[in-house]
Structure formats: C-alpha cells, structure tokens
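Contents: one structure, followed by commentary.
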Amino acid sequence: MEIIRRDNITYEEFIEQHYKPGIPLVFTNAVKDWKAKELFSPDWFRENYPDKKTEVKGQTYTMRQIMDMVENSSVENPAPYPCIFNIHDELPEILPLIKPDLIYSKPNWLDNKMFKIGKWGAALELFIGGPGGKFPYLHLDYYHLNAWITQLYGEKRFTVFPRGQEHMLYPVPNDPWRSEVNIFEPDYEKYPLYKDATPISFTVGPGETLFIPFGTWHSAYSLTPTISIAFDTLNDKNYPEFMKDVWTFKSRDGKLKANAMYSYAWLATKISALTNKPTMR
Ligand SMILES: O=C(O)CCC(=O)C(=O)O
Ligand SMILES: [Fe+2]
C-alpha cells in the first residue's frame, strides 16, 4: 500500500476520505502561506535564535549547538533525535511565521485554554533532527490524538501502519502506546506476527504536511538535517478514545488523581465543543 498525496483537497473530501476512515495523507501544499516555508533553515535559526535553549535526553543545548550537531550528524554517528522546542514556551517569536492554522485540522478542542494547563498533548513543537536520527520507537500518540507534522526543511522518512494491525505490533504490556518491535531492524524470531504487518514508508519533504489519524502506529527517520512543526488534535471523533486514555494514563497515579483528571478533561471537552464550531459530523 502507498501513502496518498494530495495537492488540493477540499475540507469535506478530507473529512470523508481520510479523517472518518482514519487513512493517513500527505498534503503537498497545505501551508503555502506560511512564511516559515521560505525562512526556516539551520542558518536562519543560528542567526536569529542562537542562544535559545532546550533539553535533549537530559542535557541542555543551545539552538546553535543543535544546528551544528544535526549538520554534522551521520548514519554512523547520529545526533540525538528528536531535539524539540516547545514553541509557546521557548520560541513564541516564530508563531506568526506558521500561520494561518491548517483548516483541515479543525475543530481542535486542544486550542481551548483549559488544555494548555498541564500535560494534555496540546503542545506545538519544533522538531529538529539530523541524518540517521530515528524516533526511538514505533508508537501511538498518547490519548489517541491525531498528529499533524509539517516538514519545513529537509526530508524525513515516515513509517505508518494501517489501523487494525495492533496484534502484529507487540505493544509494551505496561506502556501500550509503544511497540516492542524495532522496525528498523525487526527481530522476526521474537516477533513472528510482525512478518504479516504491512508498514507504509514514504518521504516527506519541505512544505509537505503529514496527517496521522489517531490510533495509527508510526515512527520517523531523519534523512537530512530536518526542521518540522508538530501538533496534535482532538474533537468529537477521537473524544471517546481520548477519555479512555485519560483514565488509563492518570490511574497510574492512583484512583483519586484519575477521578480528578477525568472530571477536568470531561469539563474541558464539553466547553471546547461548545466554543469550537463547526464540528465535522
Ligand atoms: O519524529 C517525528 O517527526 C515523529 C514525531 C512523533 O511521532 C511524535 O512526537 O509523536
Ligand atoms: Fe507520534
């Protein structure tokens, strides 16, 4: 099976052909008006934000160091991946360059302020990587959120699995959002059912946006120095699975906490749904 790429698709077509059935899609031209498309590069970030800092695998790096690292990265000696900046917290200056919002990703209940507090998956992130950088595991995004990844510089290779192949992907028993299989070097002896899984691998290049529907297992591999923007979305379609995950996830900290968080999430989704028209039903 191959990934579908579209350069013009109406909102309604997207909802019917991709969002409702949960079929990934690469939009080849959905961010044509983003200034970031012409601007973003390792040099541009080094010149404009050299001293912005972020933590990668427990170590703090400046933007300049990260850009040097990813430009010197190789398959044999890859830079740590992913290097992530939380845009609202660390780089709000670039927000005007990644507008207008993607219409296809709406309604997004996570836009509501109630989801900005605490860890609900509402982050808008800048991902930076270099050749050989692998996302550490095959996974589902937490809370069954939909993922939107826009490539602005360089090329990344993504692998996604059609929905319904979970039983071939060996989720980690106490962390079922993560697979035990190393898809880059699968151990078929240990994971025999994986032989029948049908990964779809494809490259996403500058100006392209990948839509990963909730419940779709995926991973990524940086082919060149890369800069991408990523965010997740929630609305009435993934809401039931979202609430189940909130319960499962928060229960790890005890039933009391789970109850409080579940109630908060319930209220936040109700308020977001009311203030965030239209829905795509
Ligand atoms: O490396 C990537 O672009 C994939 C990111 C991703 O899947 C995630 O952050 O959940
Ligand atoms: Fe993900």
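The residues of the chain are indexed from 1 along the displayed sequence. Whatever order the structure lists them in is the order used to number ligands and atoms, beginning at 1.
Ser41 approaches Ile227 most closely through the heavy-atom pair C-CD1, 3.6 Å.
The cationic atom of Arg178 (NZ for Lys, CZ for Arg) lies less than 6.0 Å from the six-membered ring centre of Tyr137 and within 45° of the ring axis. A cation-pi arrangement is found for Arg163 relative to Phe214, the charged atom lying closer than 6.0 Å to the ring centre and inside a 45° cone about the ring normal.
Using a 4.0 Å cut-off to heavy atoms of Phe158, the atoms of ligand 1 that qualify are 3 (O). The distance from ligand 1 to the heavy atoms of Lys156 drops below 4.0 Å at these ligand atoms: 1 (O), 2 (C), 3 (O). Interface atoms of ligand 1 facing Ala220, defined by a heavy-atom separation under 4.0 Å, are 1 (O), 2 (C), 3 (O), 4 (C). Taking every heavy atom of Tyr81 and a limit of under 4.0 angstrom, the matching atoms of ligand 1 come to 1 (O), 2 (C), 3 (O). Of all the atoms in ligand 1, the ones that sit under 4.0 Å from a non-hydrogen atom of His139 are 6 (C), 7 (O), 8 (C), 10 (O). Atom numbering of ligand 1 starts at 1 in the shown order; those under 4.0 Å from a heavy atom of Asp141 are 10 (O).
Residues Ile23 and Met1 form no side-chain contact, since every pair of their non-hydrogen atoms from C-beta on lies 4.5 Å or further apart.
Here the heavy atom of the protein found nearest to atom 9 (O) of ligand 1 is Phe127 CZ, 3.2 Å.
Ring pair Phe27/Trp148 is parallel by interplanar angle, where below 30° counts as parallel and above 60° as perpendicular.
Phe40 pairs in a ring-ring contact (aromatic ring centres under 6.0 Å, His included) with only one of the listed residues (Tyr153, Phe45, Tyr49, Phe127), which is Phe45.
Within a radius of less than 2.8 Å around the Fe ion (ligand 2), the protein N, O or S atoms are His139 NE2, Asp141 OD1, His218 NE2.
From Cys83, atom SG reaches atom CE of Met69 across 4.5 Å, with rounding to the nearest 0.5 Å.
When non-hydrogen atoms are compared, ligand 1 lies under 4.0 Å from the side chain of His218 (C-beta onward) but not from its backbone.
Lys156 has no carboxylate O lying under 4.0 Å from a charged side-chain N of Glu208, or vice versa, which leaves the two without a salt bridge. Under 4.0 Å is where a charged nitrogen must lie from a carboxylate oxygen, and between Lys134 and Glu185 no such pair does.
The closest approach between any non-hydrogen atom of Glu125 and ligand 1 is not below 4.0 Å.
Residues satisfying the side-chain hydrogen bond (donor to acceptor under 3.5 Å, both in side chains) test with Ser201, not counting sequence neighbours, are Thr159.
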